[in-house]
S.K.: 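Structure provided below as C-alpha cells; questions to follow.
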Amino acid sequence: MRRIDTDKPGGSGETGTSGGTGRAGKLGRGANRGCGLLFGLGWTAFSMVFVVFGLGMARKAWKSSAWDRVPCEVERFEIVDDRDADPPFRAAVRFHYRVEGVRHTGERLWPDKEGDDRYLVLAREAERVFDSAGGDVGGEILCRVDPEDPAEAALRPPPRESLVMSLIFAAFGSGFVLVGIGVVIATLRGKGDGGEEEDLTKAGIGGKILALGFFGVFAVAGVGIFAGMVVPGAMKYLSSRGWEQVPAEVIWSAVRAEDGDDGTTYRADIFYRYEFDGRSFASNDHRLFGGSSSGRKKKQQLVDEHPPGRRFECWVDPGDPQRAVIDRRLGWGALFALFPLPFMAVGLGGLWATFLRRKPDADPAAPLAGGRPGGTRAVWRPSRIPSQPMASMPIRLKKLGALLFGTVFWNGIVGVFLGVLWKEWQRGKVEWFLLLFLVPFVIIGLVLVGSLLHGLVGLLSPSYELTHPPRPLHPGRRAGLPWRRRGGTGEPRRLTIFLVAHDPAREQRRHPKARLNRPVHEEKVFETEVAPLMHSGSAEVEIPQEIPGHEASPGELQWKLRIVAEVPGLPDTKDEFPLVVVGESGPWRDLAKNS
C-alpha cells in the first residue's frame, strides 16, 4: 500500500496520476499548453469579427439617429402598397428644409430603410408625423439631416430595433470573445512547473471569464428573445381577449417566399381594409404572432380563400384601432415561447452557479490561507451517511443523462446552421463565413458525441457497489469498506481502489504546484490482478490526520473511494463513491464525539 501525495514535489506512483515531473511529462504539458494557447488566441481573434461587425452596425444606426434636427415642412406623406414589391409597403414622402439658408428637399422616411413588410409599421410613423405636424400634411416637424451632407435627410429617425439588434449581436459575439480570453488566461496561469507558489485565485480568473463568456451567450440569447418577443406577445394575446369584430374587405392577397438562414419559408400576406368608430384603417396582420414557416400548400390555400374583394370579419383593438388581425387564436406559433427557456436555463443557471451560488459554510475559528488571523475558511459539510449500499450504475446513468442532454442540445443548435449550409450548397452557393464560424462548434459537438458513445459502451463495463460504515470516518482511524461487483460484462485484468480527497474551497488558498482538477490526496488502498479477488472484498482505509503541504484539515475535504477496473475491449471503470469524514475538532466535533 502506497500513498500518493499529489501536492508533494516530485511525487509519483504506480497509477501515474501524480507524476509527470520527468522530461516527457514536461514536454507533454508544454504541448498541451501551446495547443490551448493557440486555440484560445485563434478563437478570440475569430470571435472579434462578430463584435466588430455588430459594433459597426450599431455605430451606423447610432450615427444616423444622431443627425441634426432641422425644422421641415411636410408636403406629402402617403403609404403606397404594391402586392408584387419587396417590401410591399413603403412611404411616399416629400418635405422641405433649409440648412445655412439653402433650401433642400427630402424624400426618405428613414435613413437606412425604404419600407416594411407590415402596414402597421408605416401607419405608426404616419400617425407620429401627423401628430407632430398638427394633424395634417403641410405642418412643420423636426426632420433628421446629415451634418456632413445637408442634402441627405430623413423624415423620421431609424427604428430603435436596428440599434438594439446590433448591440445584441455585438454582445453575443463578446461572449465568444470572453470564452477565448478565458482559455488564454487559464492556459497561462496553469503553470505549476516551477518552484514558486501559484495563486489559484488568479488561476480562477480564467475559469470565471470562460464561464462568463460561455453562459453569457446563452443568457443574452434567452433573455433577449424572452423579453423582446415572448413577453410582448403574451401581453398582446391577453389584451386581444377584449378586441371587437368588425367587417373587413380584402384588398389583395399573396404568398410570400422568404429565403432565410433555415431555407425557404412561406407566409400568407392578406391586405385588408376595415372601419372602426367611423374611421377607415388597413392592416396585413393575419395572426397575433406573425412569421413564416416551411410548406407553401397551406399558405396558398389560405390566400385562395381570401381573394380581392372578399368580405369577412376581423378582430380590432378598441383602444388602438390600428391593430387588427384576421385570427386571434394562438396557433402553433405560440410554442415559440418555449424556445428561449433552455437558453435562459443554461445561461442564467450557469452564471448563478459560477458567481452567485452560496459558498460552503465557514468555520469562524479557522484562519485564512497564509495564516491571516480573523479570517474565515470554507468548510466542506459532510452529507448524511447512506442508509443502503451505493451502486455505481445510477451514478453512471446520472452522468450519462446530463451528457445526453448537453449533446442533443448543443448539436441540435449546430445542426440548424449545418442544415442552412447544406441547402445553400445544394443551390450551388457556399457560405464560407458561416462554414468557418461553425468549425469549432462542430468539433465540440463531435467530442460530445464521442463522449456519449464512450459512456454508453461504458454501461457494459463491470459495475460495483460500496457499503459505507454506519458511522462517519475519522482521521487516524482504520475502517473497512465492503465492496462487491454488481454486474456488467468482461473480466478486468486489474482492479485498483484509491482513497482520494478534493478541496472544495481550494481556490481560496495558495498551493505549490497545484491544479484545480487534481485531488489534494490520492492513496492506493487495494490492487489485484487475481480474478477471484475482483468480485468482492473490503477496502481497508485510514483517513490521514493531515495532508502534507496542505493546510486544510481532513474534515474540510471531500473524500471519495474510487474503483478502477481495467477491462480489455471496454472502457475502464472509474467509479467514485462519496465518503463521510468528520474531524475531532471544528464545526463537526459534536458529530464526531457522538459517533
Side-chain angles (χ1 to χ4, degrees), residues 28-57 165-166 168-188 190 206-207 209-222 224-225 259-264 339-340 342-343 346-347 350 402-456:
R29 288 193 297 272
N32 291 336
R33 189 178 301 118
C35 292
L37 184 60
L38 183 62
F39 174 81
L41 292 175
W43 181 284
T44 303
F46 187 78
S47 301
M48 281 298 299
V49 175
F50 297 90
V51 178
V52 173
F53 183 71
L55 292 179
M57 293 190 301
M165 292 305 298
S166 301
I168 291 178
F169 189 86
F172 197 77
S174 298
F176 290 105
V177 171
L178 289 177
V179 170
I181 294 176
V183 171
V184 172
I185 294 179
T187 303
L188 293 177
I209 293 178
L210 183 63
L212 177 62
F214 181 80
F215 295 118
V217 168
F218 287 91
V220 168
I225 296 175
D259 294 328
D261 292 337
D262 54 351
T264 302
F339 180 76
F343 288 86
V346 173
L403 182 59
L404 175 62
F405 173 79
T407 303
V408 173
F409 182 77
W410 182 277
N411 288 284
I413 296 177
V414 175
V416 172
F417 293 95
L418 291 178
V420 175
L421 289 175
W422 174 255
K423 290 181 179 180
E424 293 297 324
W425 180 80
Q426 287 181 320
R427 297 190 185 116
K429 182 180 179 182
V430 179
E431 297 286 348
W432 290 106
F433 184 76
L434 180 60
L435 177 62
L436 294 175
F437 174 73
L438 288 177
V439 168
F441 295 93
V442 172
I443 294 176
I444 295 175
L446 293 176
V447 172
L448 289 175
V449 171
S451 301
L452 181 62
L453 295 177
H454 185 273
L456 288 172

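Values in this document were obtained by computation on a predicted structure and should not be read as measured data.
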S.K.: When rounded to the nearest 0.5 angstrom, what is the spacing between CG in L456 and CG in L404?
M.R.: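 So the gap between those two atoms works out to 8.0 Å.
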
S.K.: Could you pull out all residues at least two apart from S174 that satisfy side chain to side chain contact (heavy atoms under 4.5 Å, CB included)?
M.R.: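 With sequence neighbours excluded, S174 shows a side chain to side chain contact (heavy atoms under 4.5 Å, CB included) to V51, given in chain and number order.
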
S.K.: Can you name the closest pair of heavy atoms from N411 and V449 and give their distance?
M.R.: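 Smallest heavy-atom distance, with atoms named: ND2-CG2, 3.9 Å.
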
S.K.: Restricting to side chain to side chain contact (heavy atoms under 4.5 Å, CB included), what partner residues turn up for F441, sequence neighbours left out?
M.R.: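 Result, side chain to side chain contact (heavy atoms under 4.5 Å, CB included) vs F441: W43, F176, W410, V414, F437.
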
S.K.: Rounded to the nearest 0.5 Å, how far does CD1 of I443 lie from CG of L448?
M.R.: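 Rounded to the nearest 0.5 Å, the CG-CD1 separation comes to 12.0 Å.
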
